[in-house]
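Input: a single structure, listed below in structure tokens.
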Amino acid sequence: MRYWLFKSEPETFNIDDLAKRPNKTDHWDGVRNYQARNFMRDDIKKGDKGFIYQSSCKIPGITGIIEIVKPGYPDFTAWDPTSDHYDPDCSPDNPRWVMVDVRFVKKFNRVITLDEIKNNPVLENMVVAKRGNRLSITPVTEREWKTILKLA
DNA sequence: GCCAACGTTGGC
DNA sequence: GCCAACGTTGGC
């Protein structure tokens, strides 16, 4: 089992939104970056766990835990012209983009802030803490995972 | 295949 | 709102 970090803007989608969905489950759509897509297509498996990280907001940081309940399959929003993530080159025959289904596991009592991550010797090398990082899905090591759980 | 220009991300 | 960093695009 592997660990991941899923980034999103909280106004668009956050841990509370996920908790309100039927079965507390939703698809993680809209990823339009090849590296993140390849993680979902090749590496993210059912049963893997992930953190939800909120970006572009007042307090950037980790807000909770999710679990992968369905591994990579075509992101159908790619050929939906009404979607914000519409890609005119895509169709059901040429899906290109991938999504996974995630289920709510837990919301932390507080946000584990980016500032804390950067200042923690175990966490400072996390991809999300690197300057200029824009990757929306990143691997998390077991050591990083456990360290954050202890902080929460 | 190179690389400049451009658009987007995301912390501050 | 600013701007550095990055990924993508497109001319050559």
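Bear in mind the structure is a predicted one, so any value in this text is a computation, not a measurement. Hydrogens, waters and symmetry mates play no part in the numbers below; they use all other heavy atoms, side chains included. Convention: sequence-line order gives letters A, B, ...; per-chain numbering from 1.
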Suppose clustering is done on Ile, Leu, Val, Met, Phe, Trp and Tyr with side-chain heavy atoms closer than 4.5 Å. Which residues sit in the same group as [X]?
{"X": "A:Tyr86", "result": "none"}
{"X": "A:Ile59", "result": "A:Val111"}
{"X": "A:Tyr34", "result": "A:Trp97"}

Output, in order, the C-alpha distance, side-chain angles, deciding distance and verdict of salt bridge (Lys or Arg N to Asp or Glu O under 4.0 Å) for A:Arg37 and A:Asp75. CA-CA 10 Å; A:Arg37 191 244 357 224; A:Asp75 181 346; over 6 Å; no

The criterion is side-chain contact (heavy atoms from CB on, under 4.5 Å); which residues satisfy it with A:Ala129, sequence neighbours excluded?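 Per chain and number, A:Ala129 pairs via side-chain contact (heavy atoms from CB on, under 4.5 Å) with A:Leu114, A:Ile117, A:Lys118.
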
Taking side-chain contact (heavy atoms from CB on, under 4.5 Å) as the definition, give me every residue that meets it alongside A:Asp80, ordered by chain and number, with sequence neighbours left out.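 A:Asp80 satisfies side-chain contact (heavy atoms from CB on, under 4.5 Å) with A:Thr82, A:Ser83 once adjacent residues are dropped.
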
Tell me which residues in residues 82-98 of chain A lie within less than 4.0 Å of DNA chain B, going by non-hydrogen atoms.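 Within residues 82-98 of chain A, no residue comes under 4.0 Å of DNA chain B.
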
Going by heavy atoms closer than 4.0 Å, what residues in residues 29-42 of chain A are next to DNA chain B?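 None - not one residue of the stretch has a heavy atom sitting under 4.0 Å from the strand.
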
Mind checking what makes salt bridge (charged side-chain N to carboxylate O under 4.0 Å, His left out) contact with A:Asp101, not counting sequence neighbours?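 Partners of A:Asp101 under the salt bridge (charged side-chain N to carboxylate O under 4.0 Å, His left out) test: none.
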
Mind jotting down which residue pairs meet the side chain to side chain donor-acceptor pair (under 3.5 Å) criterion with at least one end in residues 3-15 of chain A? Sequence neighbours excluded, please.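 Non-adjacent pairs meeting side chain to side chain donor-acceptor pair (under 3.5 Å): A:Trp4-A:Asp48.
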
Show me the pairs that pass side chain to side chain donor-acceptor pair (under 3.5 Å) and involve residues 16-29 of chain A, at least two apart or across chains.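 Applying side chain to side chain donor-acceptor pair (under 3.5 Å) to every pair that reaches into residues 16-29 of chain A, excluding sequence neighbours, yields A:Asp16-A:Lys107, A:Arg21-A:Asp26.
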
Please write out the pairs of protein N or O atoms and N or O atoms of nucleotides 9-12 of chain B separated by less than 3.5 Å, giving the distance to one decimal.
residue: B:dT9; atom: O4'; partner: A:Arg134; partner atom: NE; Å: 3.4
residue: B:dG10; atom: OP1; partner: A:Lys7; partner atom: NZ; Å: 2.7
residue: B:dG10; atom: OP1; partner: A:Arg134; partner atom: O; Å: 3.3
residue: B:dG11; atom: OP1; partner: A:Tyr53; partner atom: OH; Å: 2.8
residue: B:dG11; atom: OP2; partner: A:Ser56; partner atom: N; Å: 3.0
residue: B:dC12; atom: OP1; partner: A:Lys118; partner atom: NZ; Å: 3.1

With sequence neighbours excluded, residues passing ring pair (Phe, Tyr, Trp, His ring centres under 6.0 Å) with A:Phe51: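 Applying ring pair (Phe, Tyr, Trp, His ring centres under 6.0 Å) to A:Phe51 gives A:Trp145.
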
